[in-house]
Amino acid sequence: MITRPRGTSDILPGEVERWQYVEGEIRSLCRLFNFREIRTPVFEHTELFLRGVGEGTDIVEKEMYTFVDKGGRSLTLRPEGTASVVRAYLEHKLYAEGGAAKFYYLAPMFRYERPQAGRLRQHHQFGVEIFGAPSATADAEVISLAMALLQRLGLAGLSVHLNSIGCPACRPAYRQELQDYFRPHLAALCPDCQRRFERNPLRLLDCKEEECRRVREHAPQILQRLCPECREHFESLQDQLKQLGIPFRLDPWVVRGLDYYTRTVFEVLGADLGAQSTVCAGGRYDGLIESMGGPPVPGVGFGLGLERLLLLLEKGGHLHLTPPGPLVFVAAADAAGSRAALALTQQLRRAGLTCELDLTGRSLKSQLKQADRLRAAWAVLLGERELAEGVATVRDMETGSEERLPLGELAGQLSTKLKGRNRKDDAGITY
RNA sequence: GUGGGCGUAGCUCAAUUGGCUAGAGCGCCAGACUGUGGAUCUGGAGGUCGUGGGUUCGAGGCCCAUCGUCCACCCCA
């Protein structure tokens, strides 16, 4: 038997409704915030990610699905969303429209990782980007969209871990200071941190090794060393978040793993997610667009993992979905009924009634059983007797009572009954 | 990439120290007089015990490999 590739998942009927629910909330919220959807290819030229994500990152070094196509091009399944959105923005010169450009995407991402709960080789992200907005208001808007979504889904009480990692004006000095601080302790650090020491000393700050954590306790913090512009930006962001009533914690250890971030970085952590606790993460990347050959346009955005979000919703019991609307089952009592069933079904469907009929040639008894399982509101029985009189037997599946209705009036009558029924039928049930 | 747990019908699980044709519940299919669901009863289908080797008179239980899954590390959403 051929099975799905490792680290991928099938989203089956029964589960897909949860995805549709979350996706629906996302789309309606994006409309509210006036972010517009953008869809980019699942694969891109490998070089896009080398430059966009950063050659020193783990994602690029060991997690990309890269292949050579028949034309000899090196292509890569996208490991994250921002690089592609930037690419499309530049390729189509969308900056020519002026002002801030606001995009969102809802798309699969691919990383060659060791699968774990909440960590797959193909996962799905909801992400947003704002290009061309330098002010902290944009950072706040992006964060407030993420929080609005979580709140709307029932996940109140999550707080934002916030930090600023400075800009090209203040980071080099801090970086130097960090290296000076860690240098005497170098031997005590884990092998990974020893490697990071030269290449990306900021990463020493979020190492989880016991010894490294201990060493970093008295490490200089960037928040005290931001340049005046970065400080002002960061203070403005905090001020706005307070105005919005969004709880946040300053967390000097939040350092993103992607190279492109400047100033604001943030994460939203979910409880009960084990080691994969980051549901949403993002920040500002003012140098990225220019470094990819575009004009000096600033950016902010985040990515939010849908699998992790769904995991949180399930654990918290927040998935109260409304049941599907009622259904009509057209059952055939004999061969004549069977011949007429589909045409009747078509008639009912044209009237907007959700309809099902037997496709397996089973007995009337098992057709009714099937109707029961589908939780049909009515079974419409059709056989020689009915056809001779031009009627159908309509069985109310809840009460078991039956009546005969002329075929011509069936659609109209059922629609009318439906309206009466809908009123008492909207208690939410949990799937 | 590193370390560890687990893998028996569609699902949830059984199977005394290695020992008869590997079982149950749920689900599925069919039947219980004439064209009628849910309850009950009866019957049935469905497993190369993840896969491949090995040890043994004999392996679902042991050993090795491999694949998958879960957990931790790493990384990240």
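Residue numbers start from 1 in every chain, and the chains themselves are labelled A, B, ... in the order their sequence lines are given, proteins ahead of strands.
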Distance between C1' atoms of B:C71 and B:C11 (Å, rounded): 23 Å
A:Asp334 CG to B:U34 P, straight-line distance once rounded to whole Å: 15 Å
Rounded distance in Å between the C1' positions of B:G60 and B:U21: 16 Å
Residue A:Thr393, side-chain heavy atoms: nucleotide from B:A72, B:A77, B:U36 that is nearest: B:U36
Stretch residues 3-12 of chain A: residues that reach within less than 4.0 Å of RNA chain B through a heavy atom: A:Arg6, A:Gly7
Sugar-phosphate, base or nothing in reach of A:Glu63, heavy atoms under 4.0 Å: sugar-phosphate
By ring-ring contact (aromatic ring centres under 6.0 Å, His included) - contacts of A:His161 (at least two apart): none
For nucleotides 38-41 of chain B, tabulate all protein N/O to nucleotide N/O atom pairs closer than 3.5 Å, reporting atom names and distance.
from	atom 1	to	atom 2	distance (Å)
B:G38	O4'	A:Asp372	OD2	3.1

Passing candidate, ring-ring contact (aromatic ring centres under 6.0 Å, His included) with A:Phe302, options A:Phe35, A:Phe126, A:Tyr104: A:Phe126
Show me, pair by pair, the donor-acceptor contacts under 3.5 angstrom made by side chains of residues 335-344 of chain A, not counting sequence neighbours?
none

Sugar-phosphate only, base, or nothing, as touched by A:Ala281 at under 4.0 Å among non-hydrogen atoms: sugar-phosphate
Listed nucleotide nearest any side-chain atom of A:Arg362, set B:C29, B:U36, B:C71: B:C29
Closest nucleotide among B:C74, B:G35, B:C76 to the A:Ala333 side chain: B:G35
Anti versus syn assignment for B:G23, with syn defined as within 90° of 0: anti
Salt-bridge contact A:Asp286-A:Arg284 (side-chain N to carboxylate O under 4.0 Å): yes
Separation of B:G5 P from A:Arg114 CZ (nearest whole Å): 13 Å
Touch class at under 4.0 angstrom, heavy-atom based, for A:Leu381 against every strand present: base
Nearest-Å distance for atom pair CZ/C1', residues A:Arg385 and B:U34: 9 Å
Integer-rounded Å distance: B:C70 C1' and A:Glu113 CD: 16 Å
Whole-Å distance separating the CG atom of A:Leu311 from the C1' atom of B:C70: 12 Å
Any donor-acceptor N/O pair, A:Arg263 side chain to A:Cys167 backbone, under 3.5 Å: no
Touch class at under 4.0 angstrom, heavy-atom based, for A:Leu310 against every strand present: nothing
Donor/acceptor link under 3.5 angstrom from A:Arg119 side chain onto base of B:C74: yes
Dot-bracket summary - RNA chain B, pairs being Watson-Crick or G-U whose distances fall under 3.5 Å, with | when paired to another strand: (((((((..((((.....[...)))).(((((.......))))).....(((((..]....))))))))))))....
With A:Tyr181 via ring-ring contact (aromatic ring centres under 6.0 Å, His included) - residues at least two apart: A:His185
